[in-house]
Every structure is written in C-alpha cells, then in structure tokens.
Asker: 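Handing you this structure, nothing more for now.
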Amino acid sequence: MPPEQPVEPSLELDHVMLARREKLQRIYNLGFEPYPNSYNRNVAIRLLLEDFDALSAAKSNYSIAGRIISLRLMGKAAFAHLQDESGRLQLYFRKDILGDLNWELFTLLDIGDIIGAEGYLFLTKTGERSLHIERFTLLAKSLRPLPAVKEKGEQVWFRWDDKEERYRHRPIDLILNRDTREVLLKRSRLVKELRNFFDAKGFVEVETPALQPIYGGAAARPFVTHHNTLDRDLYLRIADELYLKRAVIGGMPRVFEIAKDFRNEGIDRMHSPEFTMCEAYAAYEDYSFAADLIEELLFATATAVNGRPAVVWEDRAIDFTPPFKRISMPEIILDKTGINIVQRRREELALEARRAGVEVEANWSVGQIIDALFSQLIQPALIQPTFILDYPIELSPLAKRHRSIDGLVERFELFAGGLEIVNAFSELNDPIDQRRRFEEQARRRAEGDEETPPLDEDFLAALELGMPPTAGLGLGVDRLAMLFTGASAIRDVILFPILRTRA
RNA sequence: GCGCCCAUAGCUCAACUGGUAGAGCAAGUGACUCUUAAUCACUAGGUUCCAGGUUCGAUUCCUGGUGGGCGUACCA
C-alpha cells in the first residue's frame with residue numbers, strides 16, 4: 001500500500017533526498033511496489049563474468065540482483081552497472097524492449113537503488129560483457145544518495161576515502177570500497193579458521209560471562225555497569241581467563257573461547273576499548289606445548305586467509321612458517337643491552353636501565369623496570385614471529401613459577417611486526433601460591449594501582465578443588481587480523497569501531 | 001592526558017596581505033536507442049562547525065567550545 005505521504009513533512013531534507021522521495025511517490029502512482037518482499041535471482045555476477053563465453057553463446061536468460069552503482073541514460077536506451085556481493089556487471093536497457101510503463105519506471109531509478117534484472121549476456125561494441133535486460137524489478141528505492149565516485153577500471157577520479165566517514169558510515173564504505181570488504185572478509189576467514197583449528201585439536205568452544213561481579217585475568221581498568229533487579233554493579237570482562245580455568249577444573253580438559261573483552265583505556269592505532277580475544281586452555285600441558293600449538297595455528301590461519309604463510313605489513317615481509325625463533329627474556333635483554341636481569345636488586349637494575357636510556361620511575365618494581373627495558377629496547381625490533389620466554393614473576397600473577405630459574409615464570413609472548421600477538425603460560429595451579437600472588441596484587445591495588453583487579457575468592461575456591469597442570473594462551477584476534485590484511489589501524493579490521501559521538 | 005594540524009554547497013576542494021563566497025562532481029529540467037569519468041544546454045543549491053571578541057566590515061585575525069586527524073603517554 002502506498003503511504004499517503006511518502007515525504008514526511010517533519011523531515012528537513014536537502015534537495016537530493018527530496019527529489020528521491022518525489023520519485024518514490026511517482027513510482028507508487030505508476031502502480032509499482034518499490035519495496036517488494038522477495039526476488040528470485042538465479043546466479044551471482046561473478047559466475048556470469050567467469051563463464052561469459054559459454055553462457056552468452058547459450059542465449060538463455062539469467063536473473064541477477066544488486067545495487068545500481070552507475071547509470072547512463074541516453075534517451076530511449078541506457079547503460080547501468082549493477083553490483084552484487086560477487087562483482088559488477090553492465091546492464092543494457094532499451095525502451096522498445098521494456099515497454100512504456102517499465103521504461104517510465106526505469107527513468108525513476110537512481111544510483112543506489114536495488115533492483116533485480118533478467119536478460120541475456122552479450123558483448124557491447126566496445127567489448128564490455130553486459131546483460132541485455134528483458135525485464136527488471138525495483139527491489140528497494142534508495143532515498144539517500146551515495147557519495148559520487150568516478151572510476152574506470154583502476155583509475156579513480158573521486159574516491160570516497162575520508163577515514164572518519166568510512167568508519168562512521170560502514171554501509172557506504174562497504175558499497176563503495178572493495179578493500180574494506182576484502183579486509184573484513186579476511187577477518188571472518190581468520191575467525192572461522194581459528195574455530196576449525198581448535199576444533200580439530202579437540203578443544204571445546206565455551207562461552208563465559210561478559211558481565212562479571214569481579215573482573216580479573218588481566219591488568220586493566222574495567223567498564224562498570226549496573227543490573228537493576230540484582231541492584232548491583234557488574235563489570236564487563238577484561239579477560240576470559242578465570243572462567244575458562246573454572247571450566248578446566250570442572251573437567252573440560254581442552255576449552256577455548258573467541259569473545260569480546262572490554263578495557264576502559266586509551267584508544268589508538270593498536271588499541272580498541274572492545275576487542276576480540278581468543279583464549280584456549282589445555283590440561284596436562286605446559287607453555288612449550290602452547291608455543292608449538294601457536295606455531296601451527298599461525299601457519300594454518302595465515303595460509304587460510306591469504307593462501308600463503310607470508311604477509312606484508314607496514315612494508316615488511318613477515319613469514320609465519322615454523323619454527324619461530326624462541327629466546328628467553330633474560331637472554332635477549334642481555335644480548336641486546338648487556339644488562340643481566342636475573343636475580344638483580346632493584347637499585348642496580350634501575351641504574352643500568354637509566355644508563356641504557358630507559359626512564360625509570362622511583363616507585364617501579366624490578367618487574368616494571370624489566371618490562372620497560374624490554375618494551376622500549378627490544379619489542380619494536382621483533383618483526384619476524386618471535387617467542388619471548390620466561391617473564392619476571394611480578395608481572396605474571398597467574399603464571400606458574402619457572403621449573404629451574406628463580407624469579408621467573410613459565411610464560412611467553414609472541415611478537416610479530418613489533419606487535420604483541422599472543423600471551424601464554426603454564427597456568428599457576430597451586431592455590432596457596434595463587435592466593436599469595438593475589439594478596440601481593442591487593443597490596444599494589446591499595447597503593448593506588450587502578451589496573452590491578454580485586455581478589456577473586458570464588459576463583460581461588462575453584463582452584464582449591466584442584467586444577468591439573470594446564471597450558472593457557474590468549475591471542476589478540478584484531479591484531480592478527482591487522483597483520484594478515486595489511487591494516488595499519490585496529491579500526492580497519494573492526495566492522496563498526498567505537499568513535500566519539502557526533503554532536 | 002599532552003602537543004601539532006584540520007573544519008567552506010550532498011562530495012572533493014578554491015577564495016592574494018580582512019572587502020560579506022566559486023569550480024568540478026552529485027542533484028533537477030531538456031536533447032540523445034552501444035554508453036562507460038557518457039556527452040551537450042539550462043536550473044537550483046551556502047547560518048563558511050558553534051559561541052563570543054577585535055574591526056566600518058571576519059571564511060580570513062583573537063579567545064573559548066565541539067568534532068576529527070596525526071604524534072606522544074597509559075594499556076603485563
């Protein structure tokens with residue numbers, strides 16, 4: 001049923017949108033339904049293009065559907081390009097074939113309208129593969145203009161590439177910019193391959209709470225929200241870790257989860273307040289197992305996404321073919337800076353760090369000094385995938401003590417392109433030790449460290465039931481997606497990234 | 001959080017040292033039955049981000065705000 005007034009009088013419309021609403025009214029007046037319920041298309045444009053020679057010889061009809069992205073009207077004939085999810089095809093319309101009524105409908109079409117079209121394939125004079133249209137159906141009238149893009153093949157005269165606009169108006173971005181689609185499709189392939197991989201290794205996918213009474217499993221400031229009926233504050237998870245371990249304790253020896261974590265912290269090229277984390281836990285294994293698994297996983301996912309294990313990111317080739325370099329943190333710091341970090345007193349270490357050009361705050365612990373040394377002097381140069389093993393105990397409250405080196409834990413992080421991609425450890429399963437470490441954290445929290453989470457008694461109670469020795473890993477899905485797609489900003493691999501609200 | 005830069009028509013941009021805005025594309029009308037950045041003719045389109053200030057006069061200069069970009073800090 002045509003609405004009485006397609007032009008809502010309350011809306012302030014610019015002349016372009018007004019014109020489209022007037023066309024909509026004229027379409028109703030001609031007796032057409034501009035928003036029908038369904039359409040039978042029988043082929044994707046890509047297939048028509050790929051098998052053009054055979055299919056055009058057959059002279060049979062094909063019906064396709066998509067969005068009009070260009071329109072060239074020439075009196076009693078017209079050309080248009082139709083885009084569907086697989087490609088673009090030129091359409092050729094003629095008044096004598098469509099008939100007067102349908103031709104009139106055709107003249108009311110705009111760039112952006114979605115139509116279904118049926119006809120046979122032919123080659124134009126200039127050699128472009130085209131569809132000779134015998135009938136078409138308007139499937140959705142577009143009331144808002146797309147930004148004007150002028151392009152021919154690779155040559156583009158007006159590209160719509162204002163970054164902010166692209167983030168804010170993803171539907172338009174996806175319609176106009178093929179690379180956006182490509183990046184996000186690759187991300188989808190990555191996530192799918194992660195699931196395949198863990199599934200094949202016998203991991204069970206579980207879902208843990210995003211709303212948590214106590215947050216934990218990482219050091220970060222949380223988002224706080226409120227449940228009305230329970231009348232209490234809840235936190236958005238900053239990590240899945242403590243719940244996945246509860247699942248292991250409960251007798252699920254291999255579990256994984258791919259989920260959003262939320263951290264109430266700064267936004268920049270590498271950080272988004274909500275981001276996707278993949279965590280996996282394997283009972284009866286240690287961090288060496290996790291490292292082996294990660295090597296295999298990165299090779300498999302890189303290959304699944306790009307067809308080969310090597311990528312180019314920020315102008316550098318990164319090859320995910322195993323084995324990756326493995327080096328302990330004390331060793332690489334000694335190698336690159338000459339500083340020995342094992343069993344050092346704070347004051348000496350602070351002095352040597354300052355001498356190496358690293359600023360050290362007065363209240364920093366040994367662990368924080370080591371972290372600063374590493375992240376400033378070593379990490380940026382870790383371009384090829386590299387495991388850094390064995391971290392200072394203070395920075396790793398959930399990791400098991402190293403089996404042979406005092407003051408360290410069995411933990412590794414994997415770096416590639418200078419980015420931290422994976423964090424993994426032999427999970428701490430000694431409940432007494434875990435309680436002590438939490439208490440140490442609680443002291444720091446009392447001293448004003450907002451990022452240290454509160455003590456989680458419920459988790460400790462679970463741990464006291466007994467957790468098998470377990471390897472755990474967390475993989476930053478967004479960052480991996482960046483590496484695999486060549487994206488230089490995390491927003492590029494997030495379909496709808498968070499932005500400041502418009503005034 | 002700090003520093004630097006940006007904001008003009010639907011879009012991309014222009015307007016010399018301050019003199020109240022202009023082009024291409026998009027849009028509308030007309031012509032055109034193989035065009036493809038279609039072409040040709042005509043028409044319409046502006047609170048120059050917002051609020052103050054200086055000035056006879058502000059898109060232009062100043063202050064504050066809003067939004068954005070880049071860098072930097074924080075983020076095991």
Side-chain angles (χ1 to χ4, degrees), chain A residues 13-20 22-23 69-81 88 90-98 103 107 110-112 122-128 130 132 144-153 155-165 167-169 172 176 217-222 238-239 241 261 263-273 275 329 359 361 365 367-368 370-372 374-376 379 388 391-399 409 411 413 420 423 425 441 444 449-453 474 488-489 491 499-503:
Chain A
L13 298 173
D14 65 49
H15 66 283
V16 180
M17 290 201 280
L18 260 176
R20 294 210 172 186
E22 281 161 18
K23 285 182 180 176
I69 54 162
S70 72
L71 204 49
R72 293 174 294 284
L73 182 65
M74 291 170 306
K76 299 188 180 65
F79 289 90
H81 277 98
R88 295 173 178 182
Q90 179 167 261
L91 311 182
Y92 179 50
F93 296 85
R94 288 171 60 127
K95 186 179 184 184
D96 56 2
I97 292 174
L98 293 179
W103 182 256
T107 63
D110 290 294
I111 288 170
F122 76 112
L123 215 50
T124 62
K125 267 186 196 166
T126 49
E128 178 162 352
S130 306
H132 205 290
R144 200 171 275 271
L146 289 171
V149 176
K150 289 283 181 183
E151 59 181 10
K152 184 184 183 183
Q155 226 177 342
V156 179
W157 280 264
F158 298 96
R159 187 191 289 282
W160 190 72
D161 65 357
D162 182 295
K163 276 209 156 169
E164 187 204 344
E165 292 301 307
Y167 296 141
R168 280 189 195 279
H169 304 292
I172 298 173
L176 297 181
R221 280 151 64 197
I238 59 172
E241 172 143 1
D261 286 347
R263 297 186 184 177
N264 206 339
E265 284 163 354
I267 300 175
D268 64 27
R269 271 175 63 227
M270 302 301 170
H271 299 266
S272 170
F275 62 100
M329 179 173 271
E359 281 201 35
E361 307 271 333
S365 66
Q368 284 170 304
I370 295 172
D371 186 51
F374 177 77
S375 55
Q376 288 175 40
Q379 180 181 336
I388 302 296
Y391 279 61
I393 190 165
E394 299 158 274
L395 297 175
S396 316
L398 297 162
V409 292
R411 170 183 176 186
E413 292 186 306
E420 178 197 337
N423 181 21
F425 21 93
Q441 296 247 295
R444 246 186 268 168
D449 183 351
E450 282 182 87
E451 276 147 20
T452 304
S488 57
R491 281 173 175 177
L499 300 168
R500 285 176 202 269
T501 45
R502 270 253 157 95

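So you know, we letter chains A, B, ... as the sequences are listed, proteins then strands, and number each from 1.
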Asker: Could you state the CD1-P distance from A:Ile238 to B:A76, rounded to the nearest angstrom?
Answerer: 9 Å
Asker: Are the side chain of A:Ser396 and the backbone of A:Ala399 linked by a donor-acceptor contact shorter than 3.5 Å?
Answerer: no
Asker: Does a side-chain N-to-carboxylate-O contact under 4.0 Å join A:Asp110 and A:Arg20?
Answerer: yes
Asker: Separation of A:His271 atom NE2 from B:U72 atom P, in whole Å?
Answerer: 12 Å
Asker: Measuring only the P atom in each nucleotide, how far is B:C25 from B:U20? A whole number of Å is fine.
Answerer: 26 Å
Asker: Both distances under 3.5 Å, Watson-Crick or G-U wobble: report the partner of B:G19, or none.
Answerer: B:C56
Asker: Which nucleotide in the set B:C34, B:A76, B:G69 lies at the smallest distance from any side-chain heavy atom of A:Arg491?
Answerer: B:G69
Asker: Could you tell me how far B:U48 sits from B:C61 if I compare only their P atoms? Round to whole Å.
Answerer: 16 Å
Asker: Whole angstrom is fine here: how far is it from CD in A:Glu128 over to C1' in B:C34?
Answerer: 11 Å
Asker: Between the base of B:U35 and the side chain of A:Gln90, is there a donor-acceptor distance below 3.5 Å?
Answerer: yes
Asker: Who is the Watson-Crick or G-U wobble partner of B:G28, with both distances under 3.5 Å?
Answerer: B:C42
Asker: Tell me which of A:Gly75 and A:Thr124 sits closer to the 5' end of RNA chain B, going by the nucleotide each one is nearest to.
Answerer: A:Gly75
Asker: Identify whether any heavy atom of A:Phe425 sits under 4.0 Å from a base atom; if not, whether one sits that close to sugar-phosphate; answer base, sugar-phosphate or nothing.
Answerer: nothing
Asker: For B:A23 and B:A44, measure between their C1' atoms and round to the nearest Å.
Answerer: 16 Å
Asker: Using whole Å, report how far CD1 of A:Ile69 lies from P of B:A26.
Answerer: 15 Å
Asker: Can the ring centres of A:Tyr92 and A:Phe122 be said to be less than 6.0 Å apart?
Answerer: yes
Asker: Have a look at A:Ser396 and say if it touches a base, only the backbone sugar-phosphate, or nothing, with a 4.0 Å heavy-atom cut-off.
Answerer: nothing
Asker: Atom OH of A:Tyr92 and atom C1' of B:A38: how far apart are they, to the nearest Å?
Answerer: 14 Å
Asker: Taking any heavy-atom pair under 4.0 Å as a contact, classify A:Ala219: base, sugar-phosphate, or nothing.
Answerer: base
Asker: Watson-Crick or G-U wobble partner for B:C70, using a 3.5 Å limit on both distances?
Answerer: B:G3
Asker: Can you tell me the pairing partner of B:C34 across any strand shown, Watson-Crick or G-U wobble, with both distances under 3.5 angstrom?
Answerer: none
Asker: Please answer whether the main-chain N or O of A:Arg221 pairs with a side-chain N or O of A:Glu265 as donor and acceptor at a distance below 3.5 Å.
Answerer: yes
Asker: Between CZ of A:Arg263 and CZ of A:Phe275, what distance do you get to the nearest 0.5 Å?
Answerer: 4.0 Å
Asker: Starting from P on B:U39, measure out to CZ on A:Phe79 and report it in whole angstrom.
Answerer: 15 Å
Asker: Could you tell me whether A:Ala78 contacts a base, only the sugar-phosphate backbone, or nothing, with contacts defined as non-hydrogen atoms closer than 4.0 Å?
Answerer: nothing
Asker: Would you mind classifying the nucleic acid contact of A:Gly217 as base, sugar-phosphate or nothing, using non-hydrogen atoms under 4.0 angstrom?
Answerer: base
Asker: Between B:G22 and B:A37, how many Å separate the two C1' atoms, rounded to a whole number?
Answerer: 22 Å
Asker: Could you check whether A:Pro397 gets within reach of a base, just the sugar-phosphate, or nothing at all, counting any heavy atom under 4.0 Å?
Answerer: base
Asker: Looking at B:U35, I'd like to know if its phosphate oxygens (OP1 or OP2) sit under 4.0 Å from a side-chain N or O belonging to A:Arg72.
Answerer: no
Asker: Start at the 5' end of RNA chain B and walk down; is the nucleotide closest to A:Asp110 or to A:His81 reached first?
Answerer: A:Asp110
Asker: Between B:U72 atom C1' and A:Asp268 atom CG, what is the distance in whole Å?
Answerer: 10 Å
Asker: Just verifying a value: how many Å separate A:Asp261 CG and A:Ile238 CD1, rounded to the nearest 0.5 Å?
Answerer: 8.0 Å
Asker: Mind checking who B:C49 pairs with, Watson-Crick or G-U wobble, both distances under 3.5 Å?
Answerer: B:G65
Asker: Taking only N and O in the side chain of A:Lys23, is any of them less than 4.0 Å away from OP1 or OP2 of B:A27?
Answerer: no
Asker: Please measure how far the C1' atom in B:A14 lies from the corresponding atom in B:G57, and state the result in whole Å.
Answerer: 22 Å
Asker: In whole angstrom, give me the gap between the C1' atoms of B:U55 and B:U66.
Answerer: 26 Å
Asker: Closer than 4.0 Å, any side-chain N/O of A:Arg144 to the OP1 or OP2 of B:C11?
Answerer: no
Asker: Nearest whole Å is fine: how far is B:C25 P from A:Leu71 CG?
Answerer: 17 Å
Asker: Any chance you could measure A:Asn423, atom CG, to A:Glu413, atom CD, to the nearest 0.5 Å?
Answerer: 4.5 Å
Asker: Could you give the distance from CD (A:Gln376) to CD (A:Glu359), rounded to the nearest 0.5 Å?
Answerer: 8.0 Å
Asker: In terms of side-chain heavy atoms of A:Glu413, which of B:A76, B:C34, B:U33 is nearest?
Answerer: B:A76
Asker: Look at all strands and tell whether A:Arg269 reaches a base, only sugar-phosphate, or nothing, counting heavy atoms closer than 4.0 Å.
Answerer: sugar-phosphate
Asker: Once you apply a heavy-atom cut-off of 4.0 Å, does A:Ile111 come out as touching a base, just sugar-phosphate, or nothing?
Answerer: nothing
